[in-house]
Amino acid sequence: MSNPGDRGVVWLGSPSFPEAARDALRNTQLRANLKRATGTIRDKRLAVASELDDWEALRESAAAIKKRTARHLDHYLVQLEESVTAAGGTVHWAADAAEANRIVTGLVRATGEREVVKVKSMATQEIGLNEHLAEAGITAYETDLAELIVQLGDDRPSHILVPAIHKNRTEIRDLFAARMGEWGQPAPEGLDDDPAELAEAARRHLREKFLTAKVAVSGANFAVADAGTVVVVESEGNGRMCLTLPETLITVMGIEKVVPTWTDLEVFLQLLPRSSTGERMNPYTSTWTGTTDGDGPQDFHLVLLDNGRTDTLADTVGRQALACIRCSACLNVCPVFERTGGHAYGSVYPGPIGAVLTPQLVGVGSDTKSSAASLPFASTLCGACYDACPVKINIPEVLAHLRAEVVEAKRAAKRLPTAEALAMKAAAAVLDSPQLLAAAQKAASVGGRALARKGRIGRLPGPLHGWSDTRDTPAPPAESFRTWWRKNKEGEQ
């Protein structure tokens with residue numbers, strides 16, 4: 001078990017979600033970008049999912065595979081290690097972010113290289129690998145178009161599938177023109193904001209890196225335990241370049257990404273592209289098994305990352321979050337994410353899945369004032385994320401479960417009843433006594449009508465103003481239903 005402080009995941013200095021969300025909601029350009037992008041992806045996903053008569057059966061199968069794998073995760077991880085080793089690869093085990101960073105940095109240093117190309121990887125973002133490599137004098141070049149945009153802008157990803165979803169094409173054009181030259185080949189003069197021109201500028205910029213890099217770092221979408229095969233799916237071809245041209249390939253993979261067999265993998269390769277990009281299949285699905293003489297990287301290292309995952313596995317309710325295949329479908333249907341964007345979550349994993357995964361990886365009980373502790377409350381509990389999830393993670397259930405953990409952790413830390421607990425205790429006493437309830441209703445009626453203007457209360461007093469800051473409150477009636485009943489109906493048969 002690792003120290004929660006060594007796990008990364010949450011960006012240091014991140015404010016709580018409510019604070020960050022207030023700032024994001026004021027950014028009208030951000031909201032317009034998000035609405036357009038998430039709406040487009042959402043419609044595409046619905047269209048291709050509806051083409052399959054067995055879509056729900058696939059979801060059921062995927063959920064069952066993930067549950068079975070989680071129950072026997074130790075067995076499948078050992079099997080994966082044996083298979084990778086037998087195929088000529090080397091497996092490393094990392095308990096936390098710090099250990100994973102040390103392993104990868106040591107492997108790169110052993111090659112004598114000072115540059116690496118990277119395939120889009122949330123696991124390496126989770127551990128802060130790029131920053132750690134930079135401290136060691138090693139430059140990591142992101143090759144995914146959206147990740148390149150984020151890197152050039154000294155920015156942070158805001159979406160699992162589309163990390164630069166918060167940027168529009170004009171902003172990207174300006175960024176390319178200003179910053180590309182600092183990282184390699186500059187953008188062409190007079191660059192337009194046409195998507196094809198932007199993609200071509202990125203392609204030319206990255207080409208020299210693909211052809212000269214000796215070391216690549218990747219994540220993994222899946223790894224097949226009985227074959228030792230690692231899988232990366234992507235849409236641009238940059239992954240294929242990174243996975244085949246360099247001499248050394250280092251893959252950092254969360255331990256939950258393992259699947260038992262190729263037959264199991266087939267289920268996820270139907271679900272993932274439809275749920276993520278709204279495509280029937282990924283343009284590029286790359287698989288590799290160890291090393292092969294004269295074909296691809298001649299030195300392959302697989303770093304199996306725990307970083308809080310075994311702690312999460314011990315939670316019988318929360319462990320289902322580990323079934324996530326990083327499709328981002330839950331983000332694209334979430335009304336909260338669509339209005340705040342991913343940066344408000346203060347974590348590598350934004351949106352509904354981030355709201356349940358991040359607190360568990362970090363540990364909500366370790367610091368109840370951290371931004372992670374606010375994430376289980378970053379939801380309306382509408383259930384749209386559960387309906388969209390291809391592996392049927394019951395995100396609302398986990399959110400409610402984690403909310404209870406956060407509240408209990410805060411109560412334990414204070415060792416005194418919270419204001420909410422005291423209020424509930426007082427409410428219970430009032431509701432248990434007809435006399436107290438009648439007195440409270442009468443007082444509320446008199447006080448409420450005194451505050452009302454034209455039948456509405458604009459702002460409630462004291463700690464209740466949080467409710468009325470975002471909505472008007474109807475004035476209470478002159479008398480309660482109980483009082484009216486006694487006057488008009490009591491005694492009637």
Side-chain angles (χ1 to χ4, degrees), residues 9-39 42 125 150 153-160 162-168 171 328 330-359 361-362 364 366-385 395-396 398-400 402-407 409-410 413 418-420 423 456-473:
V9 187
V10 178
W11 292 316
L12 294 176
S14 297
S16 65
F17 181 84
E19 182 181 346
R22 277 193 291 270
D23 292 337
L25 289 170
R26 298 187 186 102
N27 188 335
T28 55
Q29 183 62 63
L30 171 67
R31 295 181 66 177
N33 295 348
L34 290 168
K35 183 177 181 180
R36 181 170 55 253
T38 57
R42 187 165 60 237
Q125 292 169 4
V150 170
D154 297 323
D155 203 351
R156 290 170 173 169
S158 62
H159 191 278
I160 289 176
V162 195
I165 197 173
H166 55 289
K167 298 285 188 184
N168 61 34
E171 293 172 313
S328 77
C330 62
L331 281 69
N332 299 325
V333 300
C334 178
V336 176
F337 177 87
E338 185 179 307
R339 287 157 179 79
T340 65
H343 289 159
Y345 292 80
S347 167
V348 170
Y349 302 106
I353 188 61
V356 295
L357 184 59
T358 298
L361 294 181
V362 175
V364 294
S366 61
D367 183 1
T368 58
K369 295 182 179 180
S370 71
S371 57
S374 68
L375 291 182
F377 301 89
S379 170
T380 63
L381 298 181
C382 67
C385 50
I395 294 178
V398 183
L399 285 167
L402 293 176
R403 288 181 183 187
E405 285 194 359
V406 172
V407 170
K410 288 182 177 180
T418 63
E420 182 181 18
R456 314 290 292 182
I457 301 174
R459 183 178 175 84
L460 292 169
L464 299 176
H465 73 84
W467 168 269
S468 56
D469 282 348
T470 54
R471 57 181 69 78
D472 287 338
T473 304

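These values consider heavy atoms only, across backbone and side chains, with no hydrogens, waters or symmetry-generated copies.
The side chain to side chain contact (heavy atoms under 4.5 Å, CB included) test with L402 singles out one residue from L375, V356, V407, and that residue is V356.
Under the 4.5 Å side-chain criterion, counting only non-hydrogen atoms from C-beta, C385 is not in contact with C334. The side-chain heavy atoms of V348 and P157, taken from C-beta on, include no pair separated by under 4.5 Å. Considering only heavy atoms from C-beta on, L331 stays 4.5 Å or farther from I165 through its side chain. Contact of the P396 side chain with the S379 side chain is not registered, since no non-hydrogen atoms from C-beta on lie closer than 4.5 Å. Two residues are said to be in side-chain contact when any heavy atoms from C-beta on lie closer than 4.5 Å; N27 and D23 fail this criterion. Between L34 and Q29, the closest side-chain pair of non-hydrogen atoms is not below 4.5 Å.
Here the closest heavy-atom approach between residue I160 and residue S328 is recorded as CB-CB, 3.9 Å. Of all heavy-atom pairs between P350 and I353, the closest is O-CG2, 3.8 Å. Counting all heavy atoms, side chain and backbone alike, I395 lies closest to P352 at CG2-O, 3.8 Å. The shortest heavy-atom contact between T380 and P335 is OG1-CG, 4.1 Å.
For the residue pair H166 / S158, a side-chain donor-acceptor distance below 3.5 Å is found, with atom types taken as modelled. If you check the side chains of S371 and S14, you find no donor sitting under 3.5 Å from an acceptor.
In this structure, E171 contributes its side chain and N168 its backbone to a donor-acceptor pair below 3.5 Å.
Using the six-membered ring where Trp is involved, H159 and F337 have ring planes that are perpendicular, over 60° apart on the 30 and 60° scheme.
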**Asked** Please walk me through it: do F17 and F377 pass side-chain contact (heavy atoms from CB on, under 4.5 Å)?
**Response** CA-CA 8 Å; F17 181 84; F377 301 89; over 6 Å; no
**Message:** V150 vs K167, test: side-chain contact (heavy atoms from CB on, under 4.5 Å). Steps then yes/no.
**Reply:** CA-CA 9 Å; V150 170; K167 298 285 188 184; over 6 Å; no
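For the atom pair R36 CZ and E338 CD, the distance stands at 11.5 Å (nearest 0.5 Å).
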